[in-house]
There are 2 protein chains.
Amino acid sequence: MKESLRIFKALCDETRLKIVEFLLDGEKCVCEIIPFVKRAQSTVSIQLAKLESFGIVESRRDGKKVYYRVSNPKVKKILSELVSPKGKAKN
Amino acid sequence: MKESLRIFKALCDETRLKIVEFLLDGEKCVCEIIPFVKRAQSTVSIQLAKLESFGIVESRRDGKKVYYRVSNPKVKKILSELVSPKGKAKN
DNA sequence: TCATTATATTTAAACATATCAATATATAAA
DNA sequence: TTTATATATTGATATGTTTAAATATAATGA
């Protein structure tokens with residue numbers, strides 16, 4: 001599948017988009033992501049797996065915890081540009 | 001709905017993405033879009049309506065023909081950046 | 001007016017997806 | 001070991017989406 005289509009498929013769901021935006025802030029463990037997106041643990045786990053299979057995030061385990069981060073530079077760029085135009089207060 | 005989510009929902013379908021990329025080349029009429037995306041006329045019409053409702057494209061009628069164009073500048077920017085890094089031949 | 005062409009809408013079928021509860025697995029701590 | 005905690009997987013349900021055929025509408029020309 002075309003990379004651009006993969007990226008859009010990955011980000012077209014509210015839960016996944018919220019997760020990825022959260023991860024732009026830096027690496028987070030699943031236990032932090034769950035309360036942030038307010039979905040069941042199984043749901044979050046499934047969407048993280050989907051994001052990983054789409055090539056958007058990568059994970060590492062540290063003891064009992066698993067940390068996810070955004071690994072796709074194009075996604076980082078796209079999302080950073082979609083925030084409000086710089087300087088303006090409330091766009 | 002958040003604008004970024006709207007954009008990703010609009011572009012996460014192969015038919016719609018292909019249409020929008022085609023329109024980046026400039027305004028096209030529906031009768032040109034149909035053979036390009038190789039879908040039934042009704043399908044193309046429905047997806048164009050969806051793109052319009054998502055705020056990605058706009059249309060104008062000229063006689064019997066209807067012309068569509070990409071109206072969303074963020075979409076133009078995102079898609080132009082997703083093409084191969086400039087200069088390189090086959091990335 | 002009537003026929004033709006271009007596009008839009010309706011309908012139905014097939015398919016895909018998100019969600020959660022329950023259960024399984026992995027790791028660490030007692 | 002056994003227990004507790006963190007995450008992943010499974011199974012079921014509900015919801016949403018894409019598609020094409022058929023039909024409707026809009027515009028033009030004969």
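A quick note: this is a predicted structure, and the numbers were derived from the prediction, not measured. Letters A, B, ... are given to chains in the order of the sequence lines, protein chains preceding strands, and every chain is numbered from 1. Hydrogens, waters and symmetry mates play no part in the numbers below; they use all other heavy atoms, side chains included.
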**Q** Check whether NZ of the Lys or CZ of the Arg R6(A) lies under 6.0 Å from the centre of the six-membered ring of F54(A) and within 45 degrees of that ring's axis.
**A** no
**Q** How close or far is atom C1' of dA16(C) from atom CG of D13(B), stated in whole angstroms?
**A** 12 Å
**Q** Any side-chain N or O of R61(A) less than 4.0 Å from the OP1 or OP2 oxygen of dA8(D)?
**A**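 Looking at the OP1 and OP2 atoms of dA8(D), neither is under 4.0 Å from any side-chain N or O of R61(A).
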**Q** When we call it a touch if two heavy atoms are under 4.0 Å apart, what does Q41(B) touch: a base, just sugar-phosphate, or nothing?
**A** base
**Q** Here's one to test your reading of the geometry: is the NZ or CZ of K28(A) within 45 degrees of the ring axis of F36(A) and under 6.0 Å from its centre?
**A**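 Output no; distance or angle outside limits.
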**Q** The side chain of C29(B) is closest to which nucleotide in this list: dA8(C), dT7(C), dT7(D)?
**A** dT7(C)
**Q** Roughly, in whole Å, what's the span from CD in E32(A) to C1' in dT7(D)?
**A** 14 Å
**Q** Between atom CD1 in I34(A) and atom P in dT5(D), what is the gap in whole Å?
**A** 15 Å
**Q** Is it the case that dA21(D) (base atoms only) and S42(B) (side chain only) share a donor and an acceptor within less than 3.5 Å, ignoring hydrogens and angles?
**A**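 Per atom types, the contact qualifies.
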**Q** Using a cut-off of 4.0 Å on non-hydrogen atoms, how would the nucleic acid contact of Y68(B) be classed: base, sugar-phosphate, or nothing?
**A**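 The residue Y68(B) makes sugar-phosphate contact but no base contact.
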**Q** Between dT7(C) atom P and Q47(B) atom CD, what is the distance in whole Å?
**A** 16 Å
**Q** Report yes or no: does S80(A) contribute a side-chain atom to a donor-acceptor pair with the main-chain N or O of K76(A) at less than 3.5 Å?
**A** yes
**Q** Does R61(A) use its side chain to pair, donor to acceptor, with the backbone of G63(A) at less than 3.5 Å?
**A**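 Side chain of R61(A) to backbone of G63(A): a pair is present.
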**Q** From CZ of F8(A) over to P of dT17(D), roughly how many Å is that when rounded to an integer?
**A**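 Atom-to-atom, F8(A) to dT17(D), this comes out as 18 Å.
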**Q** Let's see if you can work this out: which of dA27(D), dT9(C), dC20(C) has an atom nearest to the side-chain heavy atoms of K64(B)?
**A**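 Selected nucleotide (nearest to the side chain): dA27(D).
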**Q** Expressed as a whole number of angstroms, how long is the span from L11(B):CG to dT18(D):P?
**A** 12 Å
**Q** E52(B) CD to dT9(C) C1': how many Å, rounded?
**A** 15 Å
**Q** Mind calculating the distance between NZ (K50(B)) and P (dA8(C)) to the nearest angstrom?
**A** 15 Å
**Q** Mind checking if I46(A) touches a base, just sugar-phosphate, or nothing, with heavy atoms under 4.0 Å?
**A** base
**Q** Is a donor on one side and an acceptor on the other found under 3.5 Å between the side chain of E32(B) and the backbone of C29(B)?
**A**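 Yes, the answer is positive, given that a donor and an acceptor are paired below the 3.5 Å cut-off.
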**Q** Would one find a side-chain N or O of S45(A) under 4.0 angstrom from OP1 or OP2 of dA8(D)?
**A**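 Checking dA8(D) against S45(A), a side-chain N or O does come within under 4.0 Å of OP1 or OP2.
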**Q** Report the residue (T43(A) or K65(B)) whose heavy-atom-nearest nucleotide on DNA chain C is the more 5′ of the two.
**A**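 Taking each residue's closest nucleotide, the earlier one in sequence belongs to K65(B).
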